[in-house]
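Structure, as structure tokens:
Residue numbering restarts at 1 for every chain, and letters A, B, ... go by the order of the sequence lines.
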There are 2 protein chains.
Amino acid sequence: MRLSNLADYAVVAMRAAAGHCGSQMWSAAQLADQTGLPAPTVQKLVSRLSAAGLLRSTRGANGGIRLARPAAAINLADIIEAVEGPIAMTQCSDGPSGCTIEHSCGARPHWPQVNRAIRGALENITLADLAKEDVAA
Amino acid sequence: MRLSNLADYAVVAMRAAAGHCGSQMWSAAQLADQTGLPAPTVQKLVSRLSAAGLLRSTRGANGGIRLARPAAAINLADIIEAVEGPIAMTQCSDGPSGCTIEHSCGARPHWPQVNRAIRGALENITLADLAKEDVAA
DNA sequence: GCAATTCGGAACGATTTGGTCCGAATTAGC
DNA sequence: GCTAATTCGGACCAAATCGTTCCGAATTGC
């Protein structure tokens, strides 16, 4: 029930990218130096976020990374899914699951409802909200 | 962002305990046999759930376990917290956290809001809801 | 008092996660 | 056209947590 450190760092990095560079080009090394996170970790995050389509990377001498979408169009669910995979409380939520008690698991039909609730809560928080200095609620 | 197998099994076990034995006395071994879960795993679950106050255990020859509270008064947040600890997305949510980027972590003030949303979603699901055969939503 | 049955805690192994490193690709400059 | 610098992308390794299993302590019934 606790998201991994990678996802946590991803949120921090994305917030820094959204707040400081806007649509400017930014390098992963600079982002690491600015956030204080380990540089290799930021590289890994950038790799996954780029693969998920949240960041647009440009190679070359003066290359870098920038947001692929406006900050208001990116929410926590997108970031977490990009780093940790699908948001699903249980393995049986999506697929055959492989657990041996499928037939007797009466709780299984109720998990999708929980998943939707969690996902909805995460989708309501966007990068624009996180960029604000004051706490909303 | 995925709860551990222990928590998943805990929900299944609690649902079985609520649905089949009501306030009757039940043994961990029978519960394991009934749910199809490994017996030692159920034992561990019972230990944690008892320590959390969700189950009342009775030792002795004809001992066993039973729900400490009515099924309607136990929700998913209680079960998950009993098995996995506090529901907090990040380490810095509760305490000094020890992370080195506290000062520059602008996202930190927003996590409590997310935590409350997640917790609220889990608190809305009670054991009584899970015991029902048909899916609510 | 004895024995059977139970829960509680401790130790081991496996899996996932986090961190680090090196190679491939691309562009600027010469 | 070529070289060189800088970048991202993927693969490897160590660590921590999770999951499982086992054994001991406690309690009640006979």
Side-chain angles (χ1 to χ4, degrees), chain A residues 1-10 12-13 17 21 24-33 35-66 68 80 82-86 88-91 98-101, chain B residues 1-10 12-13 17 21 24-33 35-66 68 80 82-86 90-91 98-101:
Chain A
M1 204 50 229
R2 180 182 303 168
L3 52 81
S4 61
N5 291 345
L6 267 300
D8 186 3
Y9 294 162
V12 175
C21 64
Q24 288 288 104
M25 203 65 84
W26 203 259
S27 71
Q30 280 180 320
L31 195 64
D33 187 61
T35 56
L37 298 172
T41 299
V42 175
Q43 274 193 346
K44 192 178 190 64
L45 290 175
V46 170
S47 299
R48 295 197 185 184
L49 293 171
S50 300
L54 297 180
L55 290 178
R56 179 72 64 176
S57 64
T58 303
R59 285 182 162 177
N62 289 345
I65 55 176
R66 61 181 170 82
I80 294 174
V83 175
E84 289 195 333
M89 295 284 101
T90 59
Q91 289 184 338
C99 82
T100 60
I101 61 170
Chain B
M1 203 50 228
R2 181 181 304 169
L3 54 81
S4 61
N5 292 345
L6 268 300
D8 187 1
Y9 294 162
V12 175
C21 63
Q24 288 286 105
M25 204 62 87
W26 204 259
S27 72
Q30 280 180 320
L31 194 65
D33 187 62
T35 56
L37 298 172
T41 300
V42 175
Q43 274 194 348
K44 193 177 187 63
L45 290 175
V46 170
S47 298
R48 294 197 185 184
L49 293 171
S50 299
L54 297 180
L55 290 178
R56 177 74 62 176
S57 64
T58 302
R59 285 183 163 174
N62 289 346
I65 55 175
R66 61 180 170 82
I80 294 175
V83 176
E84 290 195 331
T90 58
Q91 290 184 338
C99 81
T100 60
I101 61 170

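We find the CG-CD1 distance between B:Leu6 and B:Ile80 to be 12.0 Å, quoted to the nearest 0.5 Å. For the atom pair A:Leu55 CG and A:Ser50 OG, the distance stands at 5.0 Å (nearest 0.5 Å). Here the OG1-OH distance, from A:Thr41 to A:Tyr9, works out to 7.5 Å after rounding to the nearest 0.5 Å. Here the straight-line distance linking atom CG of B:Leu31 with atom OG of B:Ser27 works out to 8.0 Å at 0.5 Å rounding. From A:Leu45, atom CG reaches atom CD1 of A:Ile65 across 9.5 Å, with rounding to the nearest 0.5 Å.
With rounding to whole Å, B:Arg56 atom CZ is found 14 Å from C:dC7 atom C1'. As a whole-Å value, the separation of A:Leu45 CG from C:dT17 P is 14 Å. Rounded to whole angstrom, the span from the CG atom of A:Asp8 across to the P atom of C:dT17 amounts to 15 Å. Computed from coordinates, the B:Leu55 CG to C:dT6 P distance equals 16 Å when rounded to whole Å. Between A:Arg2 atom CZ and C:dT17 atom P the separation is 15 Å, expressed in whole Å. Between A:Arg66 atom CZ and D:dC8 atom P the separation is 13 Å, expressed in whole Å. Look at CD on A:Gln30: it is 12 Å from C1' on D:dT6, rounded to the nearest Å.
In this structure, A:Ala29 reaches neither bases nor backbone, as no heavy-atom distance under 4.0 Å exists between it and the strands shown.
Side-chain nitrogen and oxygen atoms of B:Ser50 include at least one within less than 4.0 Å of the OP1 or OP2 phosphate oxygen of C:dG8.
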Contact letters for nucleotides 18-30 of chain C, in which S counts primed atoms plus P, OP1 and OP2 and B counts the base, heavy atoms under 4.0 Å | SBBB---SBSS--
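Distance alone, capped at 3.5 Å, places no donor-acceptor pair between the A:Arg48 side chain and the A:Ala82 backbone.
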